[in-house]
Amino acid sequence: MVSNLTMTERRLAVVILIVLSLVGLTMSVAGRADLMGTQGFIVLAFSVGLAFVVMSDFYSPTPDPKRLERYFDDPTKAGIVLSMIWAVIGMFVGVWVAALLAWPDLTFDAAWASFGRLRPVHTSGVIFGFGGNALIATSFHVLQRTSQGGLPDQLSPWFVLIGYNLFCVVAASGYLIGVTQSKEYAEPEWYADIWLVIVWVVYFLIYIRTLARRKEPHIYVANWYYMAFILVVAVLHIVNNLAVPVSFGHAKSYSLFSGVQDAMTQWWYGHNAVAFFLTAGFLGMMYYYLPKRAGRPIYSYRLSIISFWGITFMYMWAGSHHLHYTALPQWVQTLGMTFSLVLLVPSWASAGNALATLNGAWHKVRDDATLRFMMVAAVFYGLATFEGSFMAIRAVNSLSHYTDWTVGHVHAGALGWVAMITFGSIYALVPWMWKREAMYSPKLVEVHFWLALSGTIIYVFTMWNSGIIQGLMWRTYNESGTLAYSFIDSVSAMHPYYIARTFGGLLFLLGAAVGLYNVLMTIRASRMELAQAEGDADIPLVATARAVQPGE
Amino acid sequence: MMPLDHGTIVAFAKSWGLFYLIAMSVGVMVYALWPSNRTRFDRAKTSILDKDDKPWS
Ligand code: HEM
Ligand code: HEM
């Protein structure tokens, strides 16, 4: 992959890696008395390791200028594989965390394996590792195809992909040693946050530069969603992470906000992370790969525009539904609740648009597991948004808040929508990227589909059940007016559900592992076919006419 | 002069916030439903299908 870079790009890559390793070195020296020192060593090892990769190919022949007549897909290919690897890691930790809730001894008395440290490894691993890499990989693909133009240069997409993965590695390893900012989904500390801003700005610039050079006059709607994802995540990330470090040699920092302002900023961030990380970007995926795979244009383009602006503007105001019955002013809670209810309209417009696109192609959905992944994703998107709007009603939230119902809602969205649309898109994209007719094994795609669907259903149903039981136990009073159940009663009532959830999660994890295997085997098969084709060309047509004599 | 305090900001958000959202939604509806935009949208939605896998073509 390095061999596709020009000499200047290779030199620049080495310079960037040297600067980065110096940053790592500085962090490990300045932070030697702190956890930051360890994080510095990780940055150092990461950049030196990569520098070796670049150097080993540094003097390979310069690439054929003809390559610029084709799309630049190397970072997309790498992103797909990284995404699937993160899926397996993040979901493995998810199953572990689920098992911890059923069998708390599974920490093996190690500090790094405690629930509080593994849980963010799970959430960051799946959201940022799996979801983020899939978003970056598909966005580069969709952007080039819909603007009918190549990426502006070859180095910056690599910088974004690899820089982003460095962020993920620093984040996950930090949690294990005890680094956290204690803001959910924004746990990484200030140095990692600054790094992500740099990566993200480059990402946005790639988008703008490619669009500026596009040949296609209209910007296809999928790009609007991807751009909203990039732009809004940048704003959210910067504002929510405004903090002052204890010193430049310390990992710990203190937020600029405090009290209820801090809570509101965090959940404005948290909810819009759901909206723009877990929804907008994946809707971009859906609006491109679903019509492509089905071979039918999107049912209503107008509706897709209206729902885009609906989602973009309404989500911004909904964050306060995470803070019902808190010190937040009542009118702010009501505002969040109202916007959450209205939000159902554009959400269902998107889900309905996707399903209406498939209307008339149901035979394809039946025969093609890849398209079925996307169809199920649209159904779960409809379901999770309906549930969310319902849970945002203050009275309903008084039952659901703090319970597993929230966790059930999260995973209806995360497994049913985010993961399903990603798997569907990856299965559509991999054969295109590696120039094959189909995946290595369509049977295994089918196996993955059923594992994923049964895993999701088990997970979501057990959490609905346990959540509602929990909520009801916490508000059941006896004749004397005191609580009928102690808290620990509700904990033991959850035990069977936690075992069932772990099992459902295991099925989902197995599906992801099957998917990773299938992707890797497809790549291998494509390489072998390529080698074969080159080998064939090397055999003279009249090979059997004369036996080769030794010494000739 | 009104002092710039919590109350002022709330009043601003509750009035102008409403108007700008209404204006926004009207604007979006007009753009999306404007009859002459139809051809452009129809082209956009079919243009992603059947494309050569090469840029600038
Ligand atoms: C193998 C599949 C999975 C399993 C077994 C699993 C398990 C878990 C568990 C046990 C928790 C902690 C719940 C608690 O604290 O009570 C959790 C939280 C979470 N998971 Fe997963 N998970 C899986 C897949 C995913 C995926 C694919 C995503 C996202 C794309 C995801 C996103 C989240 C989020 C956002 C939370 C935090 C929820 C909250 O704070 O309310 N999970 N997961
Ligand atoms: C119309 C759309 C949606 C609305 C109105 C909505 C509303 C809600 C509400 C009311 C909560 C519970 C807050 C609480 O009691 O603490 C919640 C939690 C959550 N939702 Fe949604 N939801 C929507 C769609 C989605 C989708 C599509 C996803 C995911 C992929 C998702 C992911 C989450 C997550 C991760 C949380 C947990 C946050 C946490 O406490 O850590 N939501 N949502």
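Residue numbers begin at 1 in each chain, while the letters A, B, ... track the order of the sequences.
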Using a 6.0 Å cut-off, check whether atom CH2 of W34(B) has over 12 heavy atoms from anything other than its own residue.
no
Taking all atoms of both residues into account, what is the closest heavy-atom pair of A44(B) and H218(A), and its distance?
CB-CD2, 3.4 Å
Below 4.5 Å, heavy atoms only, C-beta onward: do I305(A) and Y31(B) meet side chain to side chain?
yes
Return the orientation label for the Y20(B) and F313(A) ring planes: parallel under 30°, perpendicular over 60°, tilted otherwise.
perpendicular
With a cut-off of 6.0 Å (strictly less than), are more than 12 heavy atoms of other residues, nucleotides or ligands near CH2 of W317(A)?
no
Enter the distance from W309(A):CH2 to S25(B):OG here, rounded to the nearest 0.5 Å.
12.0 Å
Determine whether F339(A) and L21(B) satisfy the following criterion, side-chain contact (heavy atoms from CB on, under 4.5 Å), listing intermediate values before the conclusion.
CA-CA 12 Å; F339(A) 271 99; L21(B) 276 173; 3.4 Å; yes
Is chain B contacted by the side chain of Y299(A), its backbone, both, or neither, given a heavy-atom distance below 4.5 Å?
backbone
On a heavy-atom basis, the closest approach of I306(A) and V28(B) is CA-CG1, 4.1 Å
Any chance CZ of R38(B) has more than 12 other-residue heavy atoms, nucleotides or ligands included, within less than 6.0 Å?
no
Exercise: identify the closest heavy-atom pair between R302(A) and L33(B):
NH2-O, 3.8 Å
How close do Y287(A) and I48(B) get, counting heavy atoms only, and between which atoms?
O-CD1, 4.3 Å
Proximal component of Y288(A), with respect to chain B [non-hydrogen, under 4.5 Å]
both
Give me the atom names and distance for the closest heavy-atom approach of R43(B) to P217(A).
NH2-CD, 3.8 Å
Is there a donor-acceptor pair under 3.5 Å between the side chain of K45(B) and the backbone N or O of I298(A)?
yes
Quick check on M24(B): does its CE atom have over 12 non-hydrogen neighbours (other residues, nucleotides or ligands) under 6.0 Å away?
yes
